[in-house]
Amino acid sequence: MTALDLLDLDPSLTEEERQIRDVVRRLVDDRVRPYVADWYEEGRVPARELAREFGKLGLLGMHLNGYGCAGASAVAYGLACQELEAADSGVRSLVSVQGSLAMYAIWRYGSEEQKQRWLPSMATGESIGCFGLTEPDHGSDPASMATRARRDGDDWVLTGGKMWITNAPIADVAVIWARTDDGVRGFAVPMDTPGVTAREIRRKMSLRASLTGEIVLDDVRLPADAQLPEAVGLKAPLSCLTEARHGIVWGAVGVARDCLETTLAYATTRTQFGRPLAGFQLTQAKLADMAVELVKAQLLALHLGRLADAGRLRPDQVSVGKLNNVREALAIARQCRTILGANGVSGEYPVLRHANNLESVLTYEGTSEIHQLIVGQRLTGLSAFA
Ligand SMILES: Cc1cc2nc3c(=O)[nH]c(=O)nc-3n(C[C@H](O)[C@H](O)[C@H](O)COP(=O)(O)OP(=O)(O)OC[C@H]3O[C@@H](n4cnc5c(N)ncnc54)[C@H](O)[C@@H]3O)c2cc1C
């Protein structure tokens, strides 16, 4: 880390922030790094076990207050995401979806009863949550969602389906967004409700150490109090996405750092033509350009985190961070792979796993194109979405 900290950013963090980062790093070194290549290869992850470990450390819903949540700062949460994603984007996704999407939705928009019912057990990792916005035919354009919730007496009846939902195969509760006669509303749906089924999506070539599923809602009858009372319209799920995207801005820094650390170590020890790979000018040009992009990404993440803690972070600013940091992390992962030669395609090194994971990160929580449109709208005042 020290060689890569070209701008001496470390002292910009408080003592407490550095401590949180280091504790998460140690947990990840102990509980994730030694196993994650196998999980990835086998397309599985002990998500419940990990959730309980992360819960013990207060990482689930870490930036929320009350209900057993740690009430940490946005920067501290970002640093935790950074360290988790330095190990694997899928493991960071487990924590992001739990804390920033499912828990945040209930914390921000739920009734007191819903918060009491779900948040304490989600904070400890005893209950797992997921967030169902995307549908098979409606991804970037959630406003066109087909899932419906209709009133039947006091009950709600939900019909439709959600696709590509992280944690769905093991979730206890799904936050489901559905169209009603009054616009989009959110529902906390226990996954054991009759009519709810979750099927795991197999054969992913990316984010393989993360569970992704399809949720089918077949006339799912819910009591009136399953609706999140404060969530009115599409801006509610979009605000949850802003929370999660902020974590991704930091996570991307972690992946890029891990790729560069791996590559620096490799290039200084691997010899060709009688000298270390790192001694060739072409390799140094690659390393220098990547290290410059890394510190720029770190500065951006820290700036956005400080804005969030000051209560001044706008969604379009998060788009700047997600667009830049994921794009640059992916470019860094691909470039690092070239320096590792054939070893770059081996699961013995994390680099291609990271690059493959970043293909999902580039797409979820708003694709790069959608973030370009958000930034474009901010610049021009014109919406070019449709
Ligand atoms: C591993 C994984 C986990 C996921 N987890 C979740 C989850 O937990 N919950 C959830 O709700 N969703 C989840 N998603 C879904 C993800 O958010 C969507 O895939 C994403 O929003 C894009 O939707 P889509 O795949 O339908 O692509 P589409 O919307 O069909 O887009 C396809 C392409 O067209 C481009 N495009 C679309 N509209 C425009 C436009 N107006 N202008 C220019 N280009 C455009 C896109 O940028 C993209 O390049 C996950 C996805 C993956 C891969």
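Both counts, for ligands and for their atoms, begin at 1 and track the order of listing.
Judged by distance alone, the side chain of Gln98 and the main-chain N or O of Ser127 form a donor-acceptor pair under 3.5 Å. With hydrogens and angles ignored, the 3.5 Å screen pairs no side-chain donor or acceptor of Ser346 with any backbone N or O of Ala342.
Distance check, rounded to the nearest 0.5 Å: CG of Leu50 to CG of Leu60 gives 10.0 Å. In this structure, the separation between CZ on Phe280 and NZ on Lys286 is 11.5 Å, given to the nearest 0.5 Å. Atom CG of Asn356 sits about 9.5 Å away from atom CZ of Arg334, to the nearest 0.5 Å.
Residues Trp156 and Phe187 place their aromatic rings such that the two centres sit under 6.0 Å apart.
Counting only heavy atoms of the protein, atom 41 (N) of ligand 1 lies nearest to Phe385 O, 2.8 Å. Counting only heavy atoms of the protein, atom 20 (C) of ligand 1 lies nearest to Thr363 O, 3.5 Å. Given atom 39 (C) of ligand 1, the protein heavy atom at minimum distance is Ile370 CD1, 4.3 Å.
Counting non-hydrogen atoms of neighbouring residues, nucleotides and ligands closer than 6.0 angstrom, the CD atom of Glu41 reaches no more than 12 such neighbours.
Of all atoms in ligand 1, listed by their number and element, those nearer than 4.0 Å to a heavy atom of Ile165 are 7 (C), 8 (O), 9 (N), 10 (C), 11 (O). Close approach of ligand 1 to Leu207 is summarised as follows: ligand atoms under 4.0 Å from at least one heavy atom of the residue are 1 (C).
At a distance under 4.0 Å, a protein heavy atom can be found next to atom 14 (N) of ligand 1. Per-atom contact check: atom 51 (C) of ligand 1 touches the protein, criterion being a heavy-atom distance below 4.0 Å. Under the 4.0 angstrom criterion, atom 34 (O) of ligand 1 counts as lacking any protein heavy-atom contact.
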TODO: Check step by step if side-chain contact (heavy atoms from CB on, under 4.5 Å) holds for Glu135 and Lys162.
DONE: CA-CA 4 Å; Glu135 302 184 354; Lys162 298 290 175 179; 2.8 Å; yes
Task: Test side-chain contact (heavy atoms from CB on, under 4.5 Å) applied to Ser111 and Asp225, step by step - done: CA-CA 8 Å; Ser111 65; Asp225 63 7; 5.9 Å; no
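For the pair Phe131 and ligand 1, the shortest N or O to N or O distance falls below 3.5 Å. At least one N or O atom of Thr166 sits closer than 3.5 Å to an N or O atom of ligand 1. Considering both main-chain and side-chain atoms, Tyr364 never comes within under 3.5 Å of ligand 1 through any nitrogen or oxygen pair. Between Trp164 and ligand 1, a contact under 3.5 Å exists for at least one N or O pair. Polar contact check, Thr367 against ligand 1: a nitrogen or oxygen pair lies under 3.5 Å apart.
Compare Val175, Leu133, Val97, Thr134 by their heavy atoms: the one nearest to atom 12 (N) of ligand 1 is in Thr134. The closest non-hydrogen atom to atom 28 (P) of ligand 1, taken over Cys130, Gly139, Gly90, Ser140, comes from Ser140. If you check each of Lys204, Glu369, Glu135 against atom 44 (N) of ligand 1, the one with the closest non-hydrogen atom is Glu369.
In this structure, Leu373 is part of the shell of residues with a heavy atom less than 4.0 angstrom from ligand 1. The shell of residues lying under 4.0 angstrom from ligand 1, judged by heavy atoms, includes Glu365.
A chain of hydrophobic side-chain contacts below 4.5 Å, direct or via other Ile, Leu, Val, Met, Phe, Trp or Tyr residues, connects Val97 to Leu59.
Tyr77 and Ser100 share a donor-acceptor pair across their side chains, judged by distance under 3.5 Å alone.
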